[in-house]
Participant: 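For reference, the structure I am asking about is given below.
Note that these values count all heavy atoms, side chains included, but never hydrogens, waters or copies made by symmetry.
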Amino acid sequence: MRFSCLSLIHRTSRLFLSVSVLGILGLAGCGGGGAPAEPAALVSRGWDYYRLGEFTAAIEAFHRAELGTAEAAPEHLRALYGQAVSWHLRRPGEDLARAQDLYERVIALAPESDLAAWSLLALARMKHVVPVGQEPDYDAVRAAYREVTERFPGHLAGQEAFVHTQASLLLEESEARFREVLAATREFVATYPDSPFRSVVHEMMSHCYGELERPEEQLDARIDALEAAETDPTNPWSSKVMDYWYIAVIAEFEVGDFDTARAYYAKLIEEYPADIHKFPAEQALTRMDAVEARLRQELRGDTPP
């Protein structure tokens, strides 16, 4: 099973509001006869517009905040970063050249700042996420990600860059790469045991162990990935079905650990009784019982019927 390079930049959902309503919201506190909005309020409003998918209004709010602040002010940096993200991720009408310039301005003004870390990561993502039909220059992509990791070790942006680097290496599907990624990910979890990325890192480790035919460690890493995963209770589509299924299958067929396999098949059946995997999970429990019964007969020297 080929490892999928997981994209960690999530886009917000669009809410369909009328232009007239947005116009009223835009006038309130943003000119139009009232007192000029403070830069902090403009930046906050810009992110509200961004979440609504109203990128033009977001960019306008961020730009007004930029004009109303000195370069050294924190709100100035936030306004530049907001514009950069809006130009980078707006669809349609993105302007990657303008976004790159804005990210670079943030980095130049405050090279050690939190926003500089995220801006540097965004520049690396721009190299990685290319139009359909094009192939990224993976040497350049990895160099960009490694710059983030080296300049901001321990920062969440640096950790995310590490994940993307290792995921890109797994695409080569060679034993040397599997060993390289395994060594790097083991060091990562030892250094950052509480990282929010530890689940996906354990999943990478499990993949490497599987490709290197080390099933016991593959199983342990897969369980660690599940236990480290963060669950969003507000997400109606959140599901552990496939996690339970893969753990049970690895335990049953690769390791021969029927106790662990039974435990996860049973969790699947109990927690997801309407899922399509319930019936094969029940069959698996019956199958393992039959295998163990046959083995007991053989150990006793009985002739099976």
Participant: Around atom CD of Glu216, are there more than 12 heavy atoms of other residues, nucleotides or ligands at under 6.0 Å?
Facilitator: yes
Participant: Is the side chain of Thr185 donor-acceptor paired with the backbone N or O of Leu182 at a distance under 3.5 Å, no angle test?
Facilitator: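 Checking the backbone N and O of Leu182 against the side chain of Thr185, a donor-acceptor pair under 3.5 Å is found.
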Participant: If you measure from CG on Asp101 to CG on Leu96, what distance do you get to the nearest 0.5 Å?
Facilitator: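 Answer for the CG-CG pair, Asp101 versus Leu96, is 12.5 Å.
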Participant: What is the minimum heavy-atom distance between Pro215 and Ile250, and which atoms define it?
Facilitator: O-CG2, 4.3 Å
Participant: Measuring from atom OH of Tyr264 to atom CG of Asp243, what distance do you get when rounded to the nearest 0.5 angstrom?
Facilitator: 9.5 Å
Participant: Within a 6.0 Å radius of atom CD on Glu270, are there more than 12 heavy atoms belonging to other residues, nucleotides or ligands?
Facilitator: no
Participant: Could you pull out the closest heavy-atom pair between Ala124 and Ala144, with the gap in Å?
Facilitator: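 For Ala124 and Ala144, the tightest heavy-atom pair comes out as CB-CB, 3.7 Å.
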Participant: What verdict does the side chain to side chain contact (heavy atoms under 4.5 Å, CB included) test give for Tyr246 and Arg222, after you've listed the backbone C-alpha separation in whole Å, the side-chain angles of each residue and the deciding distance to 0.1 Å?
Facilitator: CA-CA 8 Å; Tyr246 285 129; Arg222 189 83 194 197; 3.3 Å; yes
Participant: Going only through I, L, V, M, F, W and Y residues with side-chain contacts under 4.5 Å, is there a path from Ile269 to Met242?
Facilitator: yes
Participant: Under 4.5 Å between side-chain heavy atoms, counting indirect links through other Ile/Leu/Val/Met/Phe/Trp/Tyr residues: same cluster for Val189 and Leu212 or not?
Facilitator: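 Val189 clusters together with Leu212.
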Participant: Determine, using the 4.5 Å side-chain heavy-atom cutoff (strictly less than), whether Tyr244 and Phe253 are members of one ILVMFWY cluster.
Facilitator: yes
Participant: After noting the C-alpha distance and the side-chain angles of Trp118 and Glu160, does the key distance pass the side chain to side chain contact (heavy atoms under 4.5 Å, CB included) rule?
Facilitator: CA-CA 10 Å; Trp118 292 115; Glu160 183 173 331; 3.9 Å; yes
Participant: Considering all heavy atoms of both residues, which atom of Ala65 and which atom of Pro39 are nearest to each other, and what is their separation?
Facilitator: CB-O, 3.7 Å
Participant: Could you pull out all donor-acceptor pairs under 3.5 Å where a side-chain atom in residues 195-202 meets a protein atom, sequence neighbours excluded?
Facilitator:
unit_1, atom_1, unit_2, atom_2, d
Ser195, OG, Gln159, OE1, 2.4
Ser195, OG, Phe197, N, 3.0
Arg198, NH1, Asp194, O, 3.4
Arg198, NH1, Ser195, O, 2.7
Ser199, OG, Ala225, O, 2.7

Participant: What is the minimum heavy-atom distance between Pro193 and Ala190, and which atoms define it?
Facilitator: CD-O, 3.8 Å
Participant: Any idea which heavy atoms bring Ala58 and Gly46 closest together, and the distance?
Facilitator: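 Closest approach of Ala58 to Gly46: CB-O, 3.3 Å.
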Participant: Looking just at side-chain N and O atoms, do Asp257 and Thr260 make a donor-acceptor pair shorter than 3.5 Å?
Facilitator: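 Short answer, yes.
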Participant: Would you confirm whether Ser86, through its side chain, and Gly82, through its main-chain N or O, come within 3.5 Å as a donor-acceptor pair?
Facilitator: yes
Participant: Are Leu219 and Glu254 close enough that some pair of their side-chain heavy atoms sits under 4.5 Å apart?
Facilitator: no
Participant: Among Glu252, Glu282, Glu292, find the residue that satisfies the salt bridge (Lys or Arg N to Asp or Glu O under 4.0 Å) test when tested with Arg262.
Facilitator: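 Between Arg262 and the candidates, salt bridge (Lys or Arg N to Asp or Glu O under 4.0 Å) is satisfied uniquely by Glu292.
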Participant: To the nearest 0.5 Å, how far apart are CG in Leu156 and OH in Tyr192?
Facilitator: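 The distance works out to 10.5 Å.
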Participant: Could you state the interatomic distance from CZ (Arg90) to CG (Asp95), rounded to the nearest 0.5 Å?
Facilitator: 9.0 Å
Participant: Say whether, by atom type as modelled, one donor and one acceptor occur between the side chain of Tyr49 and the main chain of Thr56 under 3.5 angstrom.
Facilitator: no
Participant: One pair to check against side chain to side chain contact (heavy atoms under 4.5 Å, CB included): Met288 and Val291. What are the steps and the verdict?
Facilitator: CA-CA 5 Å; Met288 287 187 292; Val291 169; 5.5 Å; no
Participant: Using 0.5 Å steps for rounding, measure from the CD1 atom of Ile107 to the OH atom of Tyr81.
Facilitator: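 So the gap between those two atoms works out to 10.5 Å.
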Participant: Please find out if less than 6.0 Å separates the ring center of Phe162 from that of Tyr145.
Facilitator: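 Ring-ring flag for Phe162/Tyr145: false, centres at least 6.0 Å apart.
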Participant: Does Glu66 reach the side chain of His76, with side-chain heavy atoms less than 4.5 Å apart?
Facilitator: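 Heavy-atom side-chain distance check passes, below 4.5 Å.
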Participant: Scan for ring pair (Phe, Tyr, Trp, His ring centres under 6.0 Å) pairs involving residues 267-295, sequence neighbours excluded, and state none if there are none.
Facilitator: Trp245-His277
Participant: Taking the side chain as every heavy atom from C-beta outward, state whether Leu171 and Tyr138 have any pair of such atoms under 4.5 Å apart.
Facilitator: yes
Participant: Quick one, His88 and Tyr103 - any side-chain contact, counting heavy atoms below 4.5 Å?
Facilitator: yes
Participant: Is any side-chain heavy atom of Met205 closer than 4.5 Å to a side-chain heavy atom of Asp224?
Facilitator: no
Participant: Examine distances only and state if a side-chain atom of Arg78 and a backbone atom of Ala73 form a donor-acceptor pair shorter than 3.5 Å.
Facilitator: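 Not at all, since once roles are kept as given, no pair shorter than 3.5 Å links the two residues.
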Participant: Check whether any side-chain N or O of Ser239 sits under 3.5 Å from a backbone N or O of Val241 as a donor-acceptor pair, and report yes or no.
Facilitator: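 Yes, Ser239 side chain to Val241 backbone: donor-acceptor pair under 3.5 Å.
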Participant: Would you say that Leu170 contacts Glu173 through its side chain, given a criterion of any heavy-atom pair below 4.5 Å between the two side chains?
Facilitator: no
Participant: Is it true that a side-chain atom of Arg64 and a backbone atom of Leu42 form a donor plus acceptor pair closer than 3.5 Å?
Facilitator: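 Checking the backbone N and O of Leu42 against the side chain of Arg64, no donor-acceptor pair under 3.5 Å is found.
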Participant: Answer yes or no: does atom CD of Gln134 have more than 12 heavy-atom neighbours from other residues, nucleotides or ligands under 6.0 Å?
Facilitator: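 It does: Gln134 CD has more than 12 such atoms within range.
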Participant: Could you please spell out the steps behind the salt bridge (Lys or Arg N to Asp or Glu O under 4.0 Å) verdict for Arg146 and Glu150?
Facilitator: CA-CA 6 Å; Arg146 283 172 175 144; Glu150 291 167 3; over 6 Å; no
Participant: Check for me whether the distance between the ring centres of Phe55 and Tyr50 falls short of 6.0 Å.
Facilitator: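 Yes, they do, as the ring centres are separated by less than 6.0 Å.
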Participant: At their closest point, which heavy atom of Val141 faces which heavy atom of Lys127, and how far apart are they?
Facilitator: CG2-O, 3.5 Å
Participant: Do Gln166 and Val163 have side chains that approach each other closer than 4.5 Å (heavy atoms only, starting at C-beta)?
Facilitator: no
Participant: Return the CD to CG distance between Glu104 and Leu109, rounded to the nearest 0.5 Å.
Facilitator: 12.0 Å
Participant: When you compare the side chains of Ser168 and Arg142, does any donor N or O come within less than 3.5 Å of an acceptor on the partner?
Facilitator: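 The criterion, which ignores hydrogens and geometry beyond distance, is satisfied for Arg142 and Ser168.
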Participant: Less than 4.5 Å apart, any side-chain heavy atom of Glu135 and any of Val130?
Facilitator: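 Not in contact.
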Participant: Give a yes or no on this: more than 12 heavy atoms of other residues, nucleotides or ligands lie within 6.0 Å of atom CG of Leu295.
Facilitator: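 For Leu295, atom CG is crowded (more than 12 foreign heavy atoms under 6.0 Å).
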